[in-house]
Structure formats: C-alpha cells, structure tokens
Amino acid sequence: MRLSRLFARTQREVPSEADTASHQLLLRAGMLRQLTAGVYCYLPLAWRVLRKIEDIIRDEMNKAGGQELSLPVLQPIELWRKTGRDASFGKSLFTLCDRKERQLALGPTHEEVITQLASQHVQSYRDLPLLLYQIQTKFRDEPRPRGGLIRAREFAMKDLYSFDADEEGLGQSYQKMLEAYGNIYKRCGLPAILIEADSGAIGGKDSHEFMVVCETGEDEVIYCDSCHRASNAEKATSAKERISSGKALPVEEVATPGYYSIEEVSDFLKVPRHGTLKAVFYMADKELVFVVIRGDLEVNEVKLANSLHSTGLRLATEEEAKAAGIVTGSASPVGLKGIKIIADDSIKTGVNFVAGANKPDTHLKNVNYPRDFKADTVADIALARAGDTCPGCGGKLLSAQGIEVGHVFKLGAFLSSKLDAFFTDAGGARHPVVMGCYGIGIGRLMAAIVELNHDNKGIIWPTSVAPYLVYLCPLYPETPGVMAAAESLYTELEALGLEVLFDDRVESPGVKFNDADLLGIPLRVTISPRTLEKESVELKRRPEKKTELVPLDKAASKIKGIFTPSS
RNA sequence: CGGGGCGUAGCGCAGCCUGGUUAGCGCGCAGCGUUCGGGACGCUGAGGUCGGAGGUUCAAAUCCUCUCGCCCCGACCA
C-alpha cells in the first residue's frame, strides 16, 4: 500500500475527546474516528488490525471445534421477554419499532437467538456437544461509554455458545474455551490473566473473565500475591476473621446525642469500627431492604443484588427510609418489623456489637445475633478490599485495575428450559440442553493491545496483528536512484507476500520517521542516498533503537526471514 | 440519572466577561522557491451556517431563553 493513497492522515495533536492512550493513539494514527458517543468508524489501518485479530480468534475457535455462523442483529422483543432478560438488560437494550409498530431489539448478545435456533436442530444427545460462534456487531446502550473502544455502544464481538448434554460436558467445553482464549491472548501479545467473575445480566453460575492489568482499565481486580487467586472486585471475597468472642452480655441502651455515622459512634463510645453493626438501606425493585454489616466493612452491591435476585438495586433515599419507619442515624435491626433484613455473615464474627436503637440519639450495646435480631438472609455481601485477608491461603489481598478482554459463563439450563431447547438422552428421557457462552470484544481487544504496547512515539503493534509488517521509507525521493530502489524493493517484498506500507510521500525524514513510529509498523526499511552509497538499506525494528545495514540485493530475503517463524 | 466542563475551518485553540471594521492563530491542505537522516523555512492561497432555534438590540460568536450534541467524575455497566 502506498501511503500517499492510504485513507488515513496522522495527527500531531491529541484530539480533545480522548484521554486514554489507546484512544489517543488510534485517533492520531488515523485509524479511528468517532461518529457519536460510543460509536466509531474504523479506518483502513484499524480494519486490517481488527481482521487479523478476528482471524486469530477464528483459527482458535475452529481448532476447538467451533462452527462459525452469523445471526441477526435485529431481534423480536418477544424473544427477550420469554427469557426475562429484557428486564435484566433494562435500558442497555436498544429497542425500536418497525412499520407495523412491532418492537424489536438490537442484539446486545445472542443467547436467545442461538438457543432458539439450536432448539430447532438439536434433538438427540447424538447432536451434542455443539459449539457455534459468530463475529457480530452488538449494540448496548451503555449509560456512559468511555475510553474510546474500551466501552463502546456498537462493537464487534466474537460470541461462542456451547451446548452439552450435562454439567460434565459443559465442564469440558468450558475448559476447551479457556485454553483457546489463552492461546488467543498469547498470539495477540497480551498477558491476560484468568479471574473469577460475577455473571451479571447474562445470568448463570460460574463465570470467569480474562483481564489485562493496566492502569486505564475500568475494572478492579482483587488478587492474592501468595496463592495467585484473582477475582473481579464485584465477585471477590475476603476472610472475615473472628474479632471477638465470649459471653453475650445483656443489651444496654446508651445515649449518643448527635452521633450518627459509624465513625462518630465508634469514636464516641470508644469501640473499634469492627465492634459495631452498620445499617444501610436499599431499594430493590421498589422494595425497601435493610442491610446489616459489620461496621468496618462495605456493602458489595453486586453481591447484594444477586442475593436479592434484584435487577434494579440502588441506595434508598433518606425520605424513603424514613417513610418506611426507619430512624436514620440510629437504625437497627433489633426490634425491626415489616422490613426485609439482609445481613452480611460478618455479623457472626463477634459478640456484643454496638448497633442503633431505632430511637433518636440512642444506640444499643451488646447486640448479638441471633439472640437480638433475625435476618431474612445471611450471606456474604461484603466488598473485598486490598489489604484484606485472602480466604484461600491467609495471605494479603491486593488490588489492580484491569481491562476485561474476555468473559466466559457457565449458563446451565435456565435459558434452554425457557426457550424449549431439549434433547433426548440415550434412555429416551428429555432434558434441557446445558449451555455456556464465551465472548471477546474485538475492538476492546485492539484497544487493550495498544494500551499495553506503546511508547511516547506511538503504537508498537505485535507482528501478529500489525496492519502492515514493513514500513518502506525512502528519504530524499527526488535524489536519483532512491525511488527506483524503493520501487523495486517494494515490488520484491510484495511478491514475497509481505504486507508493505510504502511511504512514497515527499516529506522530510523527520515526518516519515515519526509517522512510522506513530503507526507502529514492526519493521522500518529506510532507503536513502546515504544507504545507497553502500549499496544497502537500513532496517530498524519498531521497539528497538539500533539500526542495521543490509545489502540491497539481500534485503528482500533478509526481511522475509525476519517474518518467517524459524520453527 | 446527579455533578462538572465544552461546542468557533479536517485537528488543536484564542476571541465572549465589557455587543460594533472583512472572526483570528498554530497544525494540516493547495501552489512556488529554498532546505532536508527524527515532526525545516519563506511567500502566496483555499477553507467558517461561530452546534441549532427563538429573543433583546440600530447592531449578536459575544447578552437572555430554550434545545441538541460531546467529554470527564460518580451512579450504572457481559
């Protein structure tokens, strides 16, 4: 490709809309252009990278036994109502009406469509296992798209769905996918780690994410340095050590005039934070819920929503709490009636807690569970934080930011049951198909590659996904011989099947070198009067400083050798 | 949805507070010349419904009202 003809123009200045490295560099390199919030045009250079990423993914999916197909983006809303996931996706689901006023959704994912499709085909255990995938545009009306391609509203995703006869089969399919995913990231030059995850709106049981640790990532990873167990902060657990024990003393009222927060009350009563019980109020799908947790811990709203099976959880306002009869500032589960109480299991780690009294300016000492109050549910709903103790090995938990570059779910049979995807087993009995789903955002993967592979000059593409392999860079093109040599090398390299970006522009060396660096092409090949004096060309790899002179007549084969694996 | 910021040429910005020639500057773009191994220089030139609508005024990029859009923080989010 001749650079003079390429539909791209590099920019020296950083577009004001971008503040992450990948977003800035993709814009500056002329690869990306925003159309509207969270919606992007991919210019030719970006498109080449995306196609290479897709090819790697296809290759791994096919090796794992996947069959590629293509499913519609436009989907009848009824299908979503059947599974109830129109509600779990809520406003993130783009919907529209056709001319007959029938409601349609733009697919944010494709479980519904593929399960219905599979149900028409899968009849016997002999049809299983089945792995189907596609690379398709998804639409999600994110509340706030951000970071360029990190969180877009329209984006390409590879989504594979596995169909198995039982949990064991699902386990095998899941394992295959974990391995295939590992290969994909490795081939893309990304050091992705596997972590435990919450399954969110997709639903299902086990779920894992592949994360790339990176400061600009929007997810928090909680991990243990000793046993290397890692989880999304939404899912992470920490050990809740026993902090006190002994005899439960009689409940005692104390006046706490003007002290409301845990900090104020514990300081005033000279009780450590973990010797108190904190009350927090949430609205879960229009029902007020009273949450109790040890005073030193925070509520993890994802865990809370899961244990409540709620799709619309938010903090209650003070007015809502008061309307329900709660004495804010001194709220207590003790003696509370008519309100659902959810307690974190940390309430069992000690005795004689300080809690509210449901009376203004009053708290209770020596509150003990379950002697003094009952909870409708006791579960782990606490936020694990850096510094907490690892529940697995007792080590210290650490925290890091990460970009989620893949997410896999063991769905089980809840969708297949609802969508009538059944099969007959060897004994003639009918069962719902057991499903899994596995997604990789293509654009986000590209952005993650840039986040992890750049320097202050620009992008440094791994060879496997680089838009072109060679940046052919003649200097002083008007000097006799230079262009002739460049043209002939260009022809030679293309004949060898190498992807060459030929900088045939009349520009100064500085401009060309800087563009070569910004675009991040793995190998720069310079031809100038200076190199031609020695009958040679100069090679320079993008991440390296050193250059190498190679005789003109050996250049093509030398370059070919660089990009041929020496296996 | 709450808070903040911003819409002026392809990109980055100034001008607005305090209304008043022909709306400027840098990059980029076109032409000519001199240069040129890490974003050269000179000259010339093209390119603008000042996000949109309404209002105030003799006069609006500038003041007022409404509206649309974009970005950031938070809520939220496979």
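The chains referred to below are lettered A, B, ... by the order of the sequence lines, with proteins before strands, and numbering in each begins at 1.
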Could you state the [atom1]-[atom2] distance from [X] to [N], rounded to the nearest angstrom?
X      : N     : atom1 : atom2 : answer
A:L3   : B:G39 : CG    : P     : 18 Å
A:L315 : B:C76 : CG    : P     : 8 Å
A:K540 : B:G37 : NZ    : P     : 18 Å
A:E404 : B:C76 : CD    : P     : 17 Å
A:R28  : B:G39 : CZ    : P     : 14 Å
A:E17  : B:C13 : CD    : P     : 11 Å
A:E142 : B:G74 : CD    : P     : 15 Å
A:R314 : B:C77 : CZ    : P     : 13 Å

Nucleotide paired to [N] in any strand shown, Watson-Crick or G-U, under 3.5 Å:
N     : value
B:C29 : B:G45
B:G2  : B:C73
B:C50 : none
B:A60 : none
B:G19 : none
B:G39 : none

Could you work out the separation of [N] and [M] based on their [atom1] atoms and round it to a whole Å?
N     : M     : atom1 : value
B:U21 : B:C29 : C1'   : 29 Å
B:G74 : B:A59 : C1'   : 44 Å
B:A46 : B:U18 : C1'   : 35 Å
B:G55 : B:C1  : C1'   : 31 Å
B:U49 : B:G10 : P     : 8 Å
B:G4  : B:C58 : C1'   : 39 Å
B:C6  : B:A53 : P     : 23 Å
B:C50 : B:C16 : C1'   : 11 Å

[N] OP1/OP2 closer than 4.0 Å to side-chain N/O of [X]:
X      : N     : value
A:R144 : B:C72 : yes
A:S92  : B:C77 : no
A:T36  : B:C70 : yes

Counting side-chain heavy atoms from C-beta on, which of [options] comes nearest to [X]?
X      : options             : answer
A:S508 : B:G74, B:A40, B:G37 : B:A40
A:E507 : B:C29, B:G38, B:G12 : B:C29
A:R146 : B:C70, B:C76, B:G26 : B:C76
A:E538 : B:C76, B:G38, B:G37 : B:G37
A:R9   : B:G28, B:G38, B:C36 : B:G28
A:N514 : B:G39, B:G37, B:C70 : B:G39

Exercise. Nearest heavy-atom pair of A:Q75 and A:T109: which atoms, and what distance?
Worked result: NE2-O, 3.8 Å

Exercise. With a 4.0 Å cut-off on heavy atoms, is A:K91 in touch with a base, just the backbone sugar-phosphate, or nothing at all?
Worked result: nothing

For this session: Just call it for A:T531: base, sugar-phosphate, or nothing, with non-hydrogen atoms closer than 4.0 Å on any strand.
Result: base

Exercise. Going through the distances and angles, do A:D504 and A:S4 end up as a side-chain hydrogen bond (donor to acceptor under 3.5 Å, both in side chains)?
Worked result: CA-CA 6 Å; A:D504 59 337; A:S4 64; 2.7 Å; yes

Exercise. If the sugar-phosphate is the primed atoms plus P, OP1 and OP2 and the base is the rest, what is the B/S/- string for nucleotides 30-35 of chain B, using protein heavy atoms under 4.0 Å?
Worked result: ------

For this session: Answer with yes or no whether the side chains of A:E154 and A:Y40 bring together a donor and an acceptor at under 3.5 Å.
Result: no

Exercise. Under 3.5 Å, is there a donor-acceptor pair between the A:E538 and A:T531 side chains?
Worked result: no

For this session: Answer yes or no: is there a donor N or O on one side and an acceptor on the other, between the side chain of A:K82 and the main chain of A:L419, under 3.5 Å?
Result: no

Is the base of [N] touched by the side chain of [X] through a donor-acceptor pair closer than 3.5 angstrom?
X      : N     : answer
A:S16  : B:G12 : no
A:R12  : B:G26 : no
A:E13  : B:G28 : no
A:R151 : B:C77 : yes

For this session: Apply the test side-chain contact (heavy atoms from CB on, under 4.5 Å) to residues A:H23 and A:T20: give CA-CA distance (whole Å), side-chain angles for both, the deciding distance (0.1 Å), then the verdict.
Result: CA-CA 5 Å; A:H23 195 194; A:T20 58; 3.2 Å; yes

Exercise. Starting at the 5' end of RNA chain B, which residue's closest nucleotide do you reach first, A:P529 or A:E218?
Worked result: A:P529

Problem set entry | 5' precedence on RNA chain B between A:D517 and A:A37 (nearest-nucleotide basis) | A:D517

Exercise. Ring centroid separation for A:W461 and A:Y468, is it under 6.0 angstrom?
Worked result: no

Exercise. Looking at A:H208 versus A:F409, is the centre-to-centre ring distance below 6.0 Å?
Worked result: no

Kindly give the atom pairs (protein nitrogen or oxygen, nucleotide nitrogen or oxygen) under 3.5 Å for nucleotides 5-10 of chain B.
unit_1: B:G10; atom_1: O3'; unit_2: A:R33; atom_2: NH2; d: 3.3
unit_1: B:G10; atom_1: O2'; unit_2: A:R33; atom_2: NH2; d: 2.9

Exercise. More than 12 non-hydrogen atoms from neighbouring residues, nucleotides or ligands closer than 6.0 Å to CD on A:E215, yes or no?
Worked result: no

Exercise. Hey, are the side chains of A:L549 and A:V537 touching, using non-hydrogen atoms and a 4.5 Å cut-off?
Worked result: no

Exercise. Would you call A:L160 and A:L131 a side-chain contact if the rule is heavy atoms closer than 4.5 Å?
Worked result: yes

For this session: Please test A:Y438 against A:H407 for side-chain hydrogen bond (donor to acceptor under 3.5 Å, both in side chains), starting from the C-alpha separation and ending with a verdict.
Result: CA-CA 6 Å; A:Y438 315 84; A:H407 200 158; over 6 Å; no

Exercise. Who pairs with A:S399 by side-chain hydrogen bond (donor to acceptor under 3.5 Å, both in side chains), at least two apart in sequence or on another chain?
Worked result: A:E220

Problem set entry | Sequence-distant partners of A:Y161, side-chain hydrogen bond (donor to acceptor under 3.5 Å, both in side chains), two or more places apart | A:D159

Problem set entry | Selection residues 516-538 of chain A - residue pairs positive for ring-ring contact (aromatic ring centres under 6.0 Å, His included), sequence neighbours left out | none

Which atoms of nucleotides 44-46 of chain B (N or O only) lie under 3.5 Å from a protein N or O atom, and what are those distances?
none

For this session: Output yes when A:K540 and A:E548 qualify as a salt bridge under the 4.0 Å nitrogen-oxygen rule, no when they do not.
Result: no

